[in-house]
Amino acid sequence: MTAERIDGKAFAASLRERVGEHAAQFEASAGRKAGLAVVLVGEDPASQVYVRSKHKATVAAGMESFEHRLPADTSEEDLLALVDRLNADEAVDGILVQLPLPDHLDEQAVIASISPDKDVDGFHVTNAGRLAVGQSGFVPCTPLGCMMLLTERLGDLSGLEAVVIGRSNIVGKPMAQLLLDANATVTIAHSRTKDLPSVVKRADIVVAAVGRAEMVKADWLKDGATVIDVGINRLPPTDGEEKGRLVGDVDYAGAKSVAGAITPVPGGVGPMTIAVLLRNTLVAAYRNADLQVPDGL
Ligand code: NAD
């Protein structure tokens, strides 16, 4: 068997197009564009790339992008004061503080200062709590994107065995909550799990969010399993390569002969993250403007 390749890039493009159409309708009803503020502290090269692509994608979707670039030695007081201003700014529907922050800044305190109704990354404890008890709030973009890919492929997930590998607050835990909400039987595996291969073997759905190159092997998988690979790992460069290849947490080449469907890396989960961020921002805009969030967003 050769697994179906789950094309996250194409799915993300269609989601972005849908968001763009609804963003135009929002502007017509609200008399203003939906707005996303992104705050970058310091000059981490990877963060600069992410912030640039978020800006471009926001503008391309017909929304307003407010970029705030602060020097690496910005004090916590100044950063919190900026977040306060953005919380109060009616043109700003979503606020994203790009992580990681420089060491002298307390990430938890900064996330806690964002209004939960503008927390489009879904990292605020209020949104984590809303997800845990099944209230509507904001769900972190990467796991929500994984969930969209899963439901598109599998439809109803009721009763399916799902194994999430990784228990981070931004991927593993919210992923498990979403699967539970969809009535899957959920196991969270992590660095202390005993005999991980046999835990993974019973899964109809495997979500790997570990950060270890090609750790999940083909012979760990159940025949026909649906595999969502969140990991992004760069291999050391081999002869003639300037940079090493990007690979996921799953041995794609081996897994595709056992799995029913699998996301590639790159081109799987990665493109979904920004598309869902745009979607969350537009949902925030509808809610902040007291307008009904359209179906299908
Ligand atoms: P993290 O480091 O916060 O968490 C990793 C988790 O893996 C931990 O919970 C740990 O218990 C578990 N783990 C570590 N070693 C393990 C082992 N040997 N066996 C089983 N579990 C083990 O990472 P994260 O932020 O959740 O990200 C995970 C991966 O996903 C990374 O590669 C990251 O780059 C990638 N990621 C991708 C996107 C995207 O947009 N595609 C977004 C976020 C993260």
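Note that these values count all heavy atoms, side chains included, but never hydrogens, waters or copies made by symmetry. Counting starts at 1 for both ligands and their atoms, in listed order.
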- Message: Has Lys54 got a side-chain atom pairing as donor or acceptor with Leu277's backbone, closer than 3.5 angstrom?
- Response: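 No: the side chain of Lys54 does not pair with the backbone of Leu277.
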
List, one per line, each side-chain donor-acceptor pair under 3.5 Å for residues 103-111, sequence neighbours excluded.
from, atom 1, to, atom 2, distance (Å)
His104, NE2, Thr74, O, 2.7
Asp106, OD1, Gln108, N, 3.1
Asp106, OD1, Ala109, N, 3.3
Glu107, OE2, Leu101, N, 3.0

- Task: Look up atom CD1 in Ile188 and atom OG1 in Thr193, then write down how far apart they are to the nearest 0.5 Å.
- Result: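 Output value for this atom pair is 9.5 Å.
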
- Counting only heavy atoms not in Arg5, do more than 12 fall under 6.0 Å of its CZ?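 Check passes, neighbour count above 12.
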
- Query: Hey, is CD on Gln25 packed in by over 12 heavy atoms from elsewhere, all under 6.0 Å?
  - Reply: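 Yes, the 6.0 Å shell around CD holds more than 12 heavy atoms from other groups.
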
- Does the side chain of Asp117 come under 3.5 Å of the side chain of Ser115 through a donor N or O and an acceptor N or O?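 No, because no side-chain N or O of Asp117 sits under 3.5 Å from a partner of the opposite role on Ser115.
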
- Message: So if I only count non-hydrogen atoms and take anything under 4.0 Å from ligand 1, which residues does that give, chain by chain?
- Response: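 Under the 4.0 Å cut-off, ligand 1 touches Thr142, Ile165, Gly166, Arg167, Ser168, Ile170, Val171, His190, Ser191, Leu196, Ala209, Val210, Gly211, Arg212, Met215, Val230, Gly231, Ile232, Asn233, Val269, Gly270, Thr273.
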
